[in-house]
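The next block holds one structure in the form of structure tokens; read it before the comments.
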Amino acid sequence: MLTICRKALWDQRRTLPAWASGIVLSIVLEAAMWPSVASMSSLDAYLTEFPDALKEMFSIEEMSTGTGFLNAELFSLMLPVLFIIFGILRGAHMIAGEEEAGTLDLLLVTPLSTTRLLLGEGLALAAGVTALGAATVVGTLAGSALFDLEIPVASALAGATACTLLGLVHGAIALTAGAVLGRRGPAIGVATGAALAAYVLYVGGLFVEGLSDAQVLSPFHQALQEGPLADAFPASFLTLLVVPLALVGVVLPVWARRDIGAHR
Amino acid sequence: MGTEDPAVRTRGLSKRFGKNVALSRLDLTVAPGTICGFLGPNGAGKTTAIKLLAGLYRPSAGTVEVFGRDVTRARDTVQASIGYLPGDFTGYADQTGRRFLRLVADLRGGVDETFVAELAQRLELDLDRRIGTLSRGNRQKVGIVQAFMNRAPLLLLDEPTSGLDPLMQREFRRLLVEARDRGQTVLLSSHVLSEVAEVADDVAILREGRLLDLRSMAELRSGVTRRVDLSFGDHVPAARIRQVPGVRNLSVHGLTAQVDLAGPVGELLGAVLPDGLVDVRTHETGLADVFLGYYTKERTDAHDLPQSPVGPAPDPARLG
């Protein structure tokens, strides 16, 4: 299992540092804008003009603080989307990508079981998004320190964790869909569809009265509701941890009985 | 895993993909320590059979056992005893051969490094180049090394020599014979007759998902007729030639006699030597004809092989 995890991390040896530095850079650049935004005299008046749903979605009423500014500009949409894209691409590559390339056969015709292969790949996926989460913490704290955003360490951790969990959930969907379907394209499709559905549910819940009850089902809601740069870790983070584990548990028997490489 | 268990035994093994029947009721037994060749045209079911043996596919019906263990039920145990070369081996383009072999070795719980080095040296393979930069033949060598390096009890090799130059094919056949002599069992597929004929002890012939025939190479060879041209100095001893067992279809053109001969050529030569034999040419097209017969649609009866009345056939040719 660890051999597979190491191998999957080695596969990310170039993409992961590139993504991580891109994330650090974009957070720091965004933070660099804060001093000029903070000095806008009419900022508060301008912000009150937004519709309520938008205010809630982007935490706009708090935008006059450094935390609120980064929430609105990065943590409410852009960073989660980056994490989700990363998770989906890696997750789909890990089993479905190997299968399409014809290399999965070689990993499996060894004492390695399908279960340990899936767990090893899942571990590498978790490690990858966690590394991006760590980069997010670093970027947030560095940007905050450089440009006086006064973001507490706990908030930086909570915000990064929210992004990490979103990446993990959707990466796990792509990974497990790939394990069941055996093809990368459909795996990406399923996970992207799930992400869009979750986002629509989340945003719809803010705008549409009737959807607000269903909103709690959306991973976006579970990840972002408290901040995302929140004072503490919301309990809904636990749900986001359970989802990937449950997905792996559900697909394991299907994946173990499937013909490998039959689609090629 | 008793010693009396065959290396491979399938009973009624079938595989369907939707409506498409890839393999139909295959009954195959391969004795330990032998080389069995899977022969058949493209799409005959060779790869499907190998993937079922490797535990990558699950049978639609029937059973498949490796060393007495059911592949479906004890998949990981069985897979631990297999060295596998897929028909479309690619490896990881961004890994060096060395890194790739280490990965596979780690998954199999270690490897004899000196044997890896020996295999690479014999196949003239540079392990420090990235697999993506290798030519097709050199990439195939990486696949061969990973299949052989653990000296697994069973080698499943799907079209192993594709892309190899003739010298490397010869070296590969030596590796096969050495593996067999160590007690390993080899099952290799090919659509090239000569490749299998030179090393295999037994041959399984497949077409359209069915096993047409399973027999020893020796048996096949003994049934083979070859054409022999005999040239003489002053006259053709036609009557004497006709009396030699195994001779058929004598025709005489000037001072040359042409016969179809089943069995060894020695007796025929001995018989005509005193008559001023000046030249002998043999055309061993018979074996190929036997296989072509299997390949063509018209001939579906597996048992109308030419059967020889003469004594034992020569041993299968072994290079090396």
Side-chain angles (χ1 to χ4, degrees), chain A residues 1-18 89-90 93-121 123-124 179-184 252-264, chain B residues 15-18 20 22 47-48 50-60 66 71-72 74-95 99-111 131-132 139 142-143 146-147 150 152 154-156 158:
Chain A
M1 187 167 106
L2 290 179
T3 305
I4 288 298
C5 180
R6 262 201 311 276
K7 188 262 165 195
L9 285 174
W10 187 84
D11 285 344
Q12 302 178 44
R13 71 199 177 285
R14 290 201 190 90
T15 47
L16 195 55
L89 290 180
R90 292 317 308 171
H93 173 81
M94 284 173 158
I95 285 181
E98 294 253 4
E99 187 165 351
E100 284 187 346
T103 46
L104 192 59
D105 293 14
L106 296 161
L107 302 180
L108 284 175
V109 186
T110 65
L112 180 74
S113 66
T114 48
T115 304
R116 285 186 303 145
L117 178 92
L118 182 57
L119 293 179
E121 301 280 18
L123 206 60
V180 172
L181 301 171
R183 281 182 296 176
R184 203 168 153 269
L252 268 178
V254 183
W255 154 236
R257 298 179 61 85
R258 190 166 66 73
D259 295 330
I260 304 299
H263 292 305
R264 284 184 299 126
Chain B
K15 184 65 190 173
R16 285 185 306 275
F17 295 102
N20 176 26
T47 297
T48 303
I50 286 178
K51 286 196 159 205
L52 284 160
L53 285 168
L56 291 167
Y57 289 170
R58 291 174 72 91
S60 304
V66 168
V71 174
T72 311
R75 182 167 57 178
D76 298 322
T77 319
V78 167
Q79 286 175 335
S81 64
I82 291 175
Y84 171 60
L85 175 63
D88 50 0
F89 175 82
T90 51
Y92 298 101
D94 59 345
Q95 291 188 346
R99 175 173 279 275
F100 174 72
L101 294 178
R102 198 182 309 134
L103 168 68
V104 177
D106 285 349
L107 291 172
R108 295 197 187 140
V111 71
I131 294 175
R139 203 164 54 215
V142 178
Q146 66 84 29
N150 287 87
L154 175 63
L155 299 181
L156 298 176
D158 196 355

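Order of the sequence lines fixes the chain letters, A, B, ..., with proteins taken first and strands second; residue numbering starts at 1 for each chain. Hydrogens, waters and symmetry mates are skipped; everything else that's a heavy atom, side chains included, is used. Computed from a predicted structure; not experimentally measured.
For B:Arg16, the CZ atom counts as loosely surrounded, since its 6.0 Å shell holds 12 or fewer non-hydrogen atoms of other residues, nucleotides or ligands.
The salt bridge (charged side-chain N to carboxylate O under 4.0 Å, His left out) search around B:Arg75 returns none, not counting sequence neighbours.
Looking at A:Arg6, only its side chain comes within 4.5 Å of chain B, counting heavy atoms on both sides. At a 4.5 Å heavy-atom cutoff, A:Leu104 makes no contact with chain B through either its backbone or its side chain. Heavy-atom distances place no part of A:Arg14 under 4.5 Å from chain B, backbone and side chain included. B:Phe17 touches chain A through its side chain: at least one heavy atom from C-beta onward sits under 4.5 Å away, while N, CA, C and O do not.
Under a 3.5 Å cut-off, the side chain of B:Arg139 and the backbone N or O of B:Gly91 do not form any donor-acceptor pair. The backbone N or O of B:Leu101 sits nowhere less than 3.5 Å from a side-chain atom of B:Gln146 that would complete a donor-acceptor pair.
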